[in-house]
Chemist: 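This structure is in structure tokens; I'll ask about it shortly.
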Amino acid sequence: MNLDHLADFRRTHRCGDLRREHAGQVVRLCGWVHRLRDHGGVMFLDLRDRAGLVQVIFRPGEGADHPSERARRLGSEFVIAVEGTCVPRPDSMVNLQMPTGTVEVEATGLSVLNDSQTPPFVLEEAPSAGEDLRLEYRYLDLRRPELATVLGMRHRVAQVVRSHLDGQGFWEIETPMLVRPTPEGARDYLVPSRVHPGSFYALPQSPQLYKQLLMVSGMDRYYQLARCLRDEDLRADRQPEHTQIDIEMSFIGEEEVFALIEGLMREVFGRVLSAELAVPFPRMVYRESMDRYGSDKPDLRFDFALTDAADAVRDSGFKVFDETLAAGGSVMLLRWPGGAAFSRKEQDELEDLAKRYGAKGLARTKVTSAGLDGGPAKFLSAAVQQRLVEAAGAAEGDLLCLVADRRDIACRSLGALRSRLGQEWLKGHPDAAKSWRFLWITEFPLFEQDPQTGVLSPAHHLFTMPMEEDLPFLASDPARVRGRLYDLVLNGSELGSGSIRIHRRDIQEAVMQVVGITGEDAERRFGFLLKAFQYGAPPHGGLALGLDRIIMLMAGRSSLRDTIAFPKTTSASSLVDGCPAPVAAEDLRDLKLRVDAGM
RNA sequence: GGGGUCGUAGUUCAGUUGGUCAGAACGCUGGCCUGUCAAGCCAGAGGCCGCGGGUUCAAGUCCCGUCGACCCCGCCA
């Protein structure tokens, strides 16, 4: 195959942009050969670029150099330049499946700019190969409009975020990528220092401490599209590298943060998806969210809620319930409309799910015209059955799922069930599935308590301001202290979280005392921030939104990997470049590091 | 750290209780074909059944280990 030079050929349009209005124009296009349909005489070629596909038609002609003869020798993914006339398709030939389907390009010239190996998988609209292979050849997978479009959306969102925040008086300020390792929170990615052997930088888990320093600096309103790195185990919605829309403001309280973010989301969804969001977003306190939905990020697209069944089943004589309640536990109930139709196998799968969240079992019983049927029903009197049905507001044909356990386990395991069943429900309710249900969750506990050891640790981070009314309990009953914390939730996903920060040294010291950090510890770990706070720290607060997750939801994808140009696998490997990778012995020597081969 | 699913032509997969099980489709190569758009028709090439060990007369199939991908629990302030 003889290759041509681009020379002074310059394209006039992108393939995917051609429309009826371009009919009659001479166009020059560049792109990749998506597919060839050779009819012996006339020949069709789908040409692809970032913007999409357009059909190019070659009419037969004489001579080996004629465009149609040269086109015959093309292969998949060859890079070509085409000159031709954009013409309307005959009515019967219009293809409404493609955006460019009302026109086609009558080719008058063809240059072959590069050839291509046969790709390892066919580039179709739907993925035609396993994800690992597509990740190894990510640059090919990204040629598929399905994925290219997501990156385009990501770009649009980033632009809207920047322009909106600029309009609100925010400055975009970069913070370091090589930062001080922190013992708190997620595991750090460590970077050894060559100049200081034995000392390490960390890659930032978030710009948290730096953005607070910027508030002390008087920057007032800061934002950044910040890369954040955490060396923790991954999930479909968790990558070791992700991007946060990181925001911090001075002289504000919760209301300013909520209003800002609501305006930002409205702008983003409006400009990028033409979706009109209703503001303000509803709010719910953490306690209610856990009680009603068994989750701190409930999906409100479906409204089924948990019920506390303790009163209904008290002294029922059913040992599991009675003993749990006597021990201070809870009996929680999830009603599933129409769930009586679930097979035994489906019910057992629900129980397995509940067990994964720590439940010892899942009691299931069907609501029939004659009372409850199955599971614990035979141990329950008619009166108790009646009370259960009433408490749940259940109707014939419903399935009642009950968990008797420690309250958090009962709620969380039924919350997982609710979430699973809700996904099924959404399949039958496309309008609900397509809705955007934003929600603020507020009043999180300031501390988390290890159920085994009883040890308290910060639920968000050490610098979160306790709620004013709970300050008196900081010393006496810290576990009940709520923080000025808030999460933004969308359709069951946590989009971001933030808080109003502590700017007063006395409160800071009291909080550190609760989690057992001595003055000496504090000095060593983040003395630099505490020192800064002594020089006139303004009241401040903010939050960070997960850009990747926002894009994932907006694009309707189920994996974060689809929103990132070069993502990592579940084991934090990059298949396209094969990292992480061993390094040469001399590189380790420079760093005064030795690898323990026995591991 | 733990649980689950998967690994067979380039790709997606089928392969029953261990015994013609090396198969299909798509892709690829060659030929035919002047309106297709997942073009069509004919022919052909293409296999370390992830890797290592074991059980057995016999292993793609059963067992153990290992590597990798995916999903989940723990973890991720």
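Below, chain A is the first sequence line, B the second, and so on; all start at residue 1.
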Chemist: Tell me the interatomic distance from R235(A), atom CZ, to G3(B), atom P, rounded to whole angstroms.
Modeler: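 Going from CZ in R235(A) over to P in G3(B) covers 15 Å.
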Chemist: So which atom in R138(A) and which in R561(A) form the shortest heavy-atom distance, rounded to 0.1 Å?
Modeler: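 Nearest pair, atom of R138(A) first, then R561(A): NH2-O, 2.9 Å.
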Chemist: Would you mind reading off the distance between D352(A) atom CG and C71(B) atom C1', rounded to a whole angstrom?
Modeler: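 Atom-to-atom, D352(A) to C71(B), this comes out as 15 Å.
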Chemist: Any idea which of G74(B), C37(B), A39(B) is nearest the R412(A) side chain?
Modeler: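 Given the options G74(B), C37(B), A39(B), the side chain of R412(A) is closest to G74(B).
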Chemist: OP1 or OP2 of A69(B) less than 4.0 angstrom from a side-chain nitrogen or oxygen of S571(A), does that happen here?
Modeler: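 Looking at the OP1 and OP2 atoms of A69(B), one of them is under 4.0 Å from a side-chain N or O of S571(A).
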Chemist: Which listed nucleotide (C70(B), U34(B), C37(B)) is nearest to the side chain of M98(A)?
Modeler: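 The closest nucleotide is C37(B).
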Chemist: Sequence neighbours left out, what passes salt bridge (charged side-chain N to carboxylate O under 4.0 Å, His left out) with E448(A)? Give chain and number order.
Modeler: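 In terms of salt bridge (charged side-chain N to carboxylate O under 4.0 Å, His left out), with neighbours along the sequence ignored, E448(A) is linked to no residue.
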Chemist: Sugar-phosphate means primed atoms, P, OP1 and OP2; the rest is base. With that split, encode nucleotides 6-15 of chain B 5' to 3' as B, S or - using protein heavy atoms under 4.0 Å.
Modeler: ----SSS---
Chemist: Please give, in whole Å, the distance from C37(B) P to L96(A) CG?
Modeler: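 The answer, rounded to whole Å, is 14 Å.
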Chemist: OP1 or OP2 of C26(B) versus the side-chain N and O atoms of R35(A): is any pair under 4.0 Å?
Modeler: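 No, R35(A) has no side-chain N/O under 4.0 Å of OP1/OP2 on C26(B).
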Chemist: Could you pick out which residue, R356(A) or R238(A), lies toward the 5' side of RNA chain B when each is mapped onto its nearest nucleotide?
Modeler: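 With R356(A) and R238(A) compared, the 5'-side residue is R356(A).
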Chemist: Can you tell me if the side-chain N/O atoms of T570(A) get under 4.0 Å from OP1 or OP2 in C71(B)?
Modeler: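 Indeed, a polar side-chain atom of T570(A) lies that close.
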Chemist: So, does S76(A) get its side chain near the phosphate of C28(B), meaning an N or O under 4.0 Å from OP1 or OP2?
Modeler: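 Yes.
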Chemist: Tell me the interatomic distance from D188(A), atom CG, to C75(B), atom P, rounded to whole angstroms.
Modeler: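 One finds 18 Å between P of C75(B) and CG of D188(A), rounded.
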